[in-house]
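I have placed the structure first, in the form of structure tokens, so that the comments after it can refer back to it.
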2 protein chains.
Amino acid sequence: MKKKLGPVNALYPSLTTILGAVVGGKTNFITIAHVGIMNHGTPQYVTFGLSKAHYTNQGVIEHKEFSVNIPGEDLMVETDYAGLVSGRNTDKSGLFETFKGELEYAPLIKACPVCMECRLHETLDFKTHDIFVGEIVATYADEAVLTETGRIDPLLARPLLFDMATVKYYAVGRELGGCWNAGKAMKRAGGVK
Amino acid sequence: MKKKLGPVNALYPSLTTILGAVVGGKTNFITIAHVGIMNHGTPQYVTFGLSKAHYTNQGVIEHKEFSVNIPGEDLMVETDYAGLVSGRNTDKSGLFETFKGELEYAPLIKACPVCMECRLHETLDFKTHDIFVGEIVATYADEAVLTETGRIDPLLARPLLFDMATVKYYAVGRELGGCWNAGKAMKRAGGVK
């Protein structure tokens, strides 16, 4: 039996990221799990929804650059902390050591196994939220989280999954099957009868 | 040591959904994992990025309504199949039994533990892709996947996580900690020194 819940957002779990930006001349970090993938291709566009109340927004809007860092399970405490305090009244610049890629205002977090630097493509105005559409400029990953063919393995990167309903972080679990593969036998058999 | 990978989209894993729509008078389903969460609030906006080559797009654009269904692990084969064949040359209407909520053109999948019906808020044009921004109208969940307080529990709903790098589906793994909670002790201690 299905229960009607009202207009509840059930698009969880989502991926937990730490957005890095330069605000007022200082590096700042904010935890964001309201993320999105727009397309598949090049340029590659991804979105980050930030309440307009957040301090980080002005840095992204000013410099049109930001970083997206994907913390591993071992960084859960620091990641959660970065979402609990505002850069408006707390200096978070020392929370993580950073490195620079191609962009000037996209501080990349050394301790995160995966980092992307993004150029701001556009900002979508969703009343209470700025939706930053980033174009991915370059991606960096610890060699330890790469497969033999040089791809990021989620079971090695161990990102934090965010769930708004239970208000918990979850790990990525076991592999279940191949994409564009698990349904192949069904296709060969002619699909549903 | 970090390796530079080029502009690789590392915003994975993402949530696997099955979008339901009415195209040419017939129910159609397509598997979509390029999803996004725009804001937090009411109305609640979520996005779905579909290549313009897909057949489903015209149904969403025509009726301005669609469903978003979140399959459990037990539906991996059917879910993958729905992404392997096009409604243009294969009738997928019999793949799932559906039910109707408030909207006329948002066929909800009975076998999926969680379903949402969405009104099309706008379509963002990303050259090769239509990004459908949906406003969530109502959400339905099997009672068996709800917590005692009536919230969707991802460990009970068991959604399929999609990863483009390894081209695999993954399960949701174990609970790691509380959001807006795991970092509280660090905040009390005054953060980073």
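Proteins come first, then strands; the chains are lettered A, B, ... in the order of their sequence lines, and each starts at number 1. Computed from a predicted structure; not experimentally measured.
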Let's test your reading of the structure: which of [options] forms the most heavy-atom pairs below 4.5 Å with chain A?
options: Glu102(B), Lys92(B), Lys127(B); result: Glu102(B)
options: Pro7(B), Cys179(B), Gly36(B); result: Cys179(B)
options: Asp91(B), Asn181(B), Leu50(B), Thr90(B); result: Asn181(B)
options: Gly49(B), Ala165(B), Pro159(B); result: Ala165(B)
options: Lys3(B), Gln44(B), Arg151(B); result: Lys3(B)
options: Tyr45(B), Tyr170(B), Phe162(B); result: Tyr170(B)

Would you mind checking which part of [X] comes under 4.5 Å of any heavy atom in chain B, side chain (CB onward), backbone (N, CA, C, O), both or neither?
X: Lys184(A); answer: both
X: Tyr12(A); answer: both
X: Pro43(A); answer: neither

Find out if a path of hydrophobic residues (ILVMFWY) with successive side-chain heavy-atom gaps under 4.5 Å connects [X] to [Y].
X: Met164(B); Y: Leu19(B); result: yes
X: Phe132(B); Y: Val23(B); result: no
X: Leu103(B); Y: Val22(B); result: no
X: Val114(A); Y: Val8(B); result: yes
X: Val167(B); Y: Val172(A); result: yes

On a heavy-atom basis, which atom in [X] and which in [Y] lie closest, and how many Å separate them?
X: Leu15(B); Y: Ala10(A); value: CD2-O, 4.1 Å
X: Leu95(A); Y: Met186(B); value: CD1-CE, 3.4 Å
X: Leu5(A); Y: Ala141(B); value: CD1-CB, 4.0 Å
X: Ile152(B); Y: Asp163(A); value: O-OD2, 4.2 Å
X: Met76(A); Y: Leu176(B); value: CE-O, 3.2 Å
X: Gly178(A); Y: Tyr169(B); value: O-CE1, 3.6 Å

Among the listed options Ile136(A), Thr47(A), Val85(A), the residue most often paired with chain B at heavy-atom distances under 4.5 Å: Ile136(A)

For the candidates Thr147(A), Leu124(A), Leu155(A), which exhibits the highest count of non-hydrogen atom pairs separated by less than 4.5 Å from chain B? Leu155(A)

I need the [X] [atom1] to [Y] [atom2] distance, nearest 0.5 Å.
X: His129(B); Y: Asn39(A); atom1: NE2; atom2: CG; answer: 5.5 Å
X: Asn9(A); Y: Met116(B); atom1: CG; atom2: CE; answer: 6.0 Å
X: Thr128(A); Y: His40(B); atom1: OG1; atom2: NE2; answer: 9.5 Å
X: Arg188(A); Y: Leu84(B); atom1: CZ; atom2: CG; answer: 10.0 Å
X: Ile131(A); Y: Ile37(B); atom1: CD1; atom2: CD1; answer: 10.5 Å
X: Asp130(B); Y: Met38(A); atom1: CG; atom2: CE; answer: 12.0 Å

Residue Lys26(B) excluded, over 12 heavy atoms near NZ under 6.0 Å: no

With a 4.5 angstrom heavy-atom cut-off, could you sort out which part of [X] is near chain A: side chain, backbone, both or neither?
X: Val35(B); result: both
X: Val145(B); result: neither
X: Glu135(B); result: neither
X: Leu146(B); result: side chain
X: Glu143(B); result: both

Lys4(A) with Glu117(B): basic N within carboxylate O range, under 4.0 Å: no

Could Glu175(A) and Lys168(B) be called an ion pair, given the rule that one side-chain N must be under 4.0 Å from one carboxylate O? yes

Can you find a pair of side-chain heavy atoms, one from Thr17(B) and one from Leu11(A), that are under 4.5 Å apart? yes

Between Leu161(B) and Leu161(A), is there a side-chain heavy-atom distance shorter than 4.5 Å? yes

Does the plane of the ring in His121(B) sit parallel, tilted or perpendicular to the ring in Phe126(A)? Use 30° and 60° as the thresholds. tilted

Is the distance between the ring centroids of Trp180(A) and Tyr81(B) under 6.0 Å? no

Ordered numerically, the heavy-atom neighbours of chain B under 4.5 Å found in residues 57-74 of chain A are Val68(A), Ile70(A), Glu73(A)

